[in-house]
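Report on the following structure.
Each residue takes its place number in the sequence, starting with 1.
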Amino acid sequence: MPDSFGLGLMSSRRQFMSISMVAAVTAVLAACGGSSGGDAAVDVEKQSVGAMDDFTAGTTFKATEPITLSLLWTDWPEYMVTEDSPFMQELQRRTNVSFTLTHIPLSDHEEKRSLLISAGDAPEIIPLVYSGQDAPFVSSGAVLPMSDYLDYMPHFRKLVADWDLQELVDNLKQADGKNYSLPGLQEVSVPVFTVVIRKDVFDEVGAGVPQTWDEMRDALRLIKQRYPDSQPLADGFEGQALLNYAAHAFGAVAGWGFGNGMIDDGTGALTYSGSSDGYKQMLEYFRGLVEEGLLDTESMTTTGTTQTTGTIAEKMANNKVFAASGNSQTVIEFAQAMEGTFGAGKFELLQIAAPGGPAGQIVEPRSFWHGFMLNSSLRDSDHFLATIQFLDWLYYSEEAREFVMWGVEGDTYTKDDEGAITLNPDYSLSVYNINVGAPTDLQSDLGYASDVLAYGTESRRLKESYNSEAFVAYMDDVLTNRTPRSPMPPAPLDEAELEQASLLSTPLKDIVDTNTLKFILGQRDMSEWDAYVGELEARGLQSYVDLINGARERFAQNNG
């Protein structure tokens, strides 16, 4: 993971979100060591010290006697959460559960986490885990099979049923048919990153809001005529964000969303995105934008650091860029830069649904957010059942999710009869530009709304409660006018296959990454596409495709 320290609050948050999206779609292709025994039997009913007898969906968890759990905590550079933070103290008061924290830095948290698990030194609870990140720890027994304990998790089961997520949860199974992590559940799922446009300028040139990539190109041409010194479309993340959200409209996966590189070929089997016709179409499209001077080439080769993010914002503020990759917080950054140039209210930014393309008006598949794993050491705990109940409440009850985000009702926030939340004026949530300047910040001062525990599971109401009206409008636009792509058919690998896949996929991905930018930037002519595919084939493309499809067929046979 690139270094996130020293970045501004919104920049580092956005960077982590972007990196995490890779994790959310990528099964890790490297096996790690660790303590064995993950499949050892747990006598849940006997290991029930502190557990509640009448724990059901809607029940507030409170341990019948105090228990202390160990928790892996990733430190964001902008704020520190400790055992003594007000959030932790209030959580203990409510639930009778306290934590001992093992701190690791955001800058290399995945590496540090893997080392701790491999050495058998990880805490009992391992949060901030995205789909597929449990794969390296399955064969060693370092983490527990969470699917064995779902009978004791009524809040999780209720949300999965209410939000129609069972098929997606089933797709997370590993090769042995079990889930070794539980995800953050989202009632509604929209892409985090998309295009942020200067709507006032799009309207000025008569383009309106583009609904397809062809319409986007037409709009960019009109803007280029009006502002000839501009390169109106930019990324700022080495092309990874732009290609991630654009690829789906071409029937491919790319950028941050490339994952293992496999896509549904339409028959239930899988093929390699980097050699597909859709991927070629996508490259031809963006190559065409470069040829016409419509795509900021510098932004395709630089990363989302403060300097680069500042550069994109500056280009926006200087009428050099009029559309760029971003999320809801990027809109705030761009607006702050532009207010210094144009003044407040003199421009309009809009986060739009990713344009459609040859594959249709589609966006990325419905997805999960971060959840957790449990260290296999917990299988010997006398309070095993209480831990399962507590995590079920903490991660999957609406009561807990609201508390983790907003704090104490009546103190830090109020709620009206319709459930709308208002932050009290003495408190701010600066990261979302709420009550900026108030004396106490929920996140940095109190420990609420932490990136480790907040955001993972969210109802639509909770998601809307902290986002701007503009983001809510974006969410409605996506849900109304775009169709989520069907999930990629699952193909979990066993231990031997993981190692083989790693050896095959790494050089293939290197070839794809290198040549993607070469084709787009004109450093390699599109007439060499067949030669490029031949390079992939020479590095074992067919063996890799056969390996993944073999795992896919096995999963389908075993799971229907």
Please answer whether the main-chain N or O of [Y] pairs with a side-chain N or O of [X] as donor and acceptor at a distance below 3.5 Å.
X    : Y    : answer
R401 : T457 : yes
E499 : A496 : no
N244 : G257 : yes
R552 : A269 : no
S502 : L498 : no
T194 : I352 : yes
S189 : Q186 : no
T74  : L106 : no
R554 : L493 : no

Can we say [X] and [Y] salt-bridge, meaning some charged N sits less than 4.0 Å from an Asp/Glu carboxylate O?
X    : Y    : answer
E291 : R217 : no
K463 : E458 : yes
K315 : E298 : yes
R221 : E292 : yes

Compute the ring centroids of [X] and [Y], then answer whether they are less than 6.0 Å apart.
X    : Y    : result
Y152 : Y149 : no
Y395 : F156 : no
Y279 : F519 : no
F237 : F193 : yes
W213 : Y285 : yes

Inset, instruction - I would like to know whether E535 and R524 meet salt bridge (Lys or Arg N to Asp or Glu O under 4.0 Å); could you show each step before the answer? - result: CA-CA 14 Å; E535 292 163 17; R524 187 169 189 179; 2.9 Å; yes
Kindly compute the distance separating [atom1] ([X]) from [atom2] ([Y]), expressed to the nearest 0.5 Å.
X    : Y    : atom1 : atom2 : result
E187 : L165 : CD    : CG    : 9.5 Å
Q523 : L517 : CD    : CG    : 7.5 Å
L243 : F250 : CG    : CZ    : 10.0 Å

Legend entry - Evaluation steps, side-chain contact (heavy atoms from CB on, under 4.5 Å), between I125 and L374: CA-CA 5 Å; I125 302 170; L374 293 181; 4.0 Å; yes
Inset, instruction - Please lay out, stage by stage, how D148 and V42 fare under the test side-chain contact (heavy atoms from CB on, under 4.5 Å). - result: CA-CA 10 Å; D148 286 356; V42 175; over 6 Å; no
Inset, instruction - Evaluate side-chain contact (heavy atoms from CB on, under 4.5 Å) for L541 paired with S275, printing each intermediate quantity in order. - result: CA-CA 9 Å; L541 175 61; S275 61; 3.8 Å; yes
Distance only, no hydrogens: is a donor on one side chain within 3.5 Å (strictly under) of an acceptor on the other, for [X] and [Y]?
X    : Y    : value
R482 : Q211 : yes
N327 : T330 : yes
S299 : D235 : no

